[in-house]
Amino acid sequence: MTNYLEQNKQRFLDELLDLLRIPSVSADSTFKADVRRAAEFVKDKLTAAGLDGAKLYETPGHPIVYAEKIVDASKPTVLVYGHYDVQPADPYELWKTPPFEPTIRNERIYARGACDDKGQFYMHIKAIEAMVATDGLPCNVKVMIEGEEEVGSDHLGEFVKEHKEMLRGDVILISDTSIISNETPSLETGLRGLSYVEVKVTGPNRDLHSGVYGGGVANPINVLCEMIASLHDEEGRITLPGFYDKVTDLSDDERAELAKAPFDLEEYKRDLAIGDVMGESGYSTNERTSIRPTLDVNGIWGGYTGEGAKTVLPSTASAKISMRLVPNQTPDQITELFTTHFLSIAPAGVSVTVTPHHGGMPYVTPVDSVEFEAASKAFEDAWGKKPIPTRGGGSIPITALFEKELGIKSILMGFGLDSDALHSPNESYGLFNFYKGIETIPYFYKHYAALKQ
Ligand code: BES
Ligand code: MN
Ligand code: MN
């Protein structure tokens, strides 16, 4: 195994770079053909790795790629999930090298999708290839890589429901999250959910001269800003009535356990070039970004934003708002609660609409399972250290759906770093992480096959 990985190192990387050259941006229809090209690429590599029946499954959106290798029906089955679609790369001008021309600098691969999630799911294909080519797979494996994760996995639910038998397995293995650092490996035990809405405030029937009308009619941008500002109080708590009703507080023990994860606040501030952190009082930065729900504006627009000054009082103003959810909160309930409240605080003189976008359920995985133990042991073998359990702040909505539809738990064996700049310009993935991931994954199979007997 070690030899095989060593001998094929360069090819593994070259293949990943080829995949990164395909701009598979799921959100933007101009890239529709490229998204398909990425799916075809993945399909071919699954076949080359020794998996059977690799195929694209069409959906009303982007295709899902699936392949499997059943070595022995009496052995357990690992279902690997990942996504070959990527976030839009803009703003392009902030990239040091073009997002779809992967470049290696300082032992890192710079490209959109390098870490999220091409670099990470590709490790699985290479690990499977290595197992098949050397000692053989110790258990069955099914691989499902989708192309709509970054736009809410709208068609995956339907696919899962229609292919329950095909997807039947014992554990879902996902590399699409982060570790604390390369010195401190960790395993995420939960993800936040998501409720995402777009709001629009409409005032006068046209843009107005801000001198002639200013002061006399409600300005939709001013109004929107006030409405948004009112959604947090001075303690950093969200003011939507009922927002926290279902949120359960972690016990002191659980909080103390999570607080054991090393965290350097000064380094965190330095990395982001911020003078200080902020958030809900009574909680640490780590808690604020993982076990607590949030409300954030993701984009806001209206009026004149071009060069120079145009004196105009806009007719409309809009914003996109995300709420990260924690266990027991559901996107439907939170979206409804947001809508009711947001409409209720609209002042006379404007009209307000709220349009829901995609959402996702929060997810927690148990740590006392053989699945988690196998993952933990895999890290110990490859990294020489026991991974620290952490709770993640991002969302992978499909994890809750897998549990509901297939009754299987997900193991979040991610190898990225928060500083890999996911969704940002200059996204990157460390060569160390790519290769270490490929090395770690076979240990998971080994331990899982042994423990599950
Ligand atoms: N891989 C991320 C989620 C993630 C990143 C989890 C880092 C933990 C650590 C995933 O691709 C993602 O970006 N998900 C979206 C969800 C969505 C519905 C678009 C997110 O979290 O914004
Ligand atoms: Mn991802
Ligand atoms: Mn993502």
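Counting starts at 1 for both ligands and their atoms, in listed order.
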Chemist: Just jot down the ligand 1 atoms closer than 4.0 angstrom to any heavy atom of Leu422, in number order.
Modeler: 5 (C), 7 (C)
Chemist: Looking at Arg36 and Glu58, is any side-chain nitrogen of the basic one under 4.0 Å from a carboxylate oxygen of the acidic one?
Modeler: yes
Chemist: For Ser24 and Arg37, test the side chains for any donor-to-acceptor distance below 3.5 angstrom and give the result as yes or no.
Modeler: no
Chemist: Looking at atom 14 (N) of ligand 1, what's its closest protein heavy atom, distance included?
Modeler: Ser395 O, 2.8 Å
Chemist: Side chains of Glu235 and Ser281: any donor to acceptor distance under 3.5 Å?
Modeler: yes
Chemist: Would you call Glu129-Lys126 a salt bridge at under 4.0 Å N-O?
Modeler: yes
Chemist: Stepwise, does the side chain to side chain donor-acceptor pair (under 3.5 Å) test hold for His423 with Asp116?
Modeler: CA-CA 8 Å; His423 297 199; Asp116 185 12; 3.0 Å; yes
Chemist: Could you tell me whether Glu15 and Arg11 make a salt bridge, using a distance below 4.0 angstrom between a side-chain N and a carboxylate O?
Modeler: yes
Chemist: Examine ligand 1 and decide if any of its atoms is less than 4.0 Å from a heavy atom belonging to Leu194.
Modeler: yes
Chemist: For Ser178, counting its heavy atoms only, list the atoms of ligand 1 lying under 4.0 Å from any of them.
Modeler: 7 (C), 9 (C)
Chemist: Which atoms of ligand 1 are found less than 4.0 Å from any heavy atom of His358?
Modeler: 18 (C), 19 (C)
Chemist: With a cut-off of 4.0 Å, which atoms of ligand 1 are near a heavy atom of Asp176?
Modeler: 1 (N), 2 (C), 3 (C), 4 (C), 5 (C), 6 (C), 10 (C), 11 (O)
Chemist: For atom 11 (O) of ligand 1, grab the closest protein heavy atom and report residue, atom and distance to one decimal in Å.
Modeler: Glu149 OE1, 2.7 Å
Chemist: Quick one: which ligand 1 atoms are inside 4.0 Å of a heavy atom on His83?
Modeler: 11 (O)
Chemist: Please identify which atoms of ligand 1 are closer than 4.0 Å to at least one heavy atom of Arg324.
Modeler: 20 (C), 21 (O), 22 (O)
Chemist: Tally of protein N/O/S atoms under 2.8 Å from the Mn ion (ligand 2)?
Modeler: 4
Chemist: Should the pair Arg292-Asp249 be classified as a salt bridge under the 4.0 Å nitrogen-to-oxygen rule?
Modeler: yes
Chemist: Will you find, in the side chains of His447 and Glu373, an N or O donor that is under 3.5 Å from an N or O acceptor?
Modeler: no
Chemist: Name of the His423 N, O or S atom nearest the Mn ion (ligand 3)?
Modeler: NE2
Chemist: In a check of side-chain hydrogen bond (donor to acceptor under 3.5 Å, both in side chains) between Gln87 and each of Glu150, Glu427, Arg112, which one passes?
Modeler: Glu150
Chemist: Name all residues meeting the side-chain contact (heavy atoms from CB on, under 4.5 Å) criterion together with Ser230; count only those two or more places apart in sequence or in a different chain, and write none if there are none.
Modeler: Ile345
Chemist: Counting distance only, does the side-chain N/O of His124 pair as donor-acceptor with the main-chain N or O of Val80 below 3.5 Å?
Modeler: no
Chemist: Does some non-hydrogen atom of Pro397 fall short of 4.0 Å from ligand 1?
Modeler: yes
Chemist: Would you find more than 12 non-hydrogen atoms of other residues, nucleotides or ligands less than 6.0 Å from Asp252 atom CG?
Modeler: no
Chemist: Does some non-hydrogen atom of His423 fall short of 4.0 Å from ligand 1?
Modeler: yes
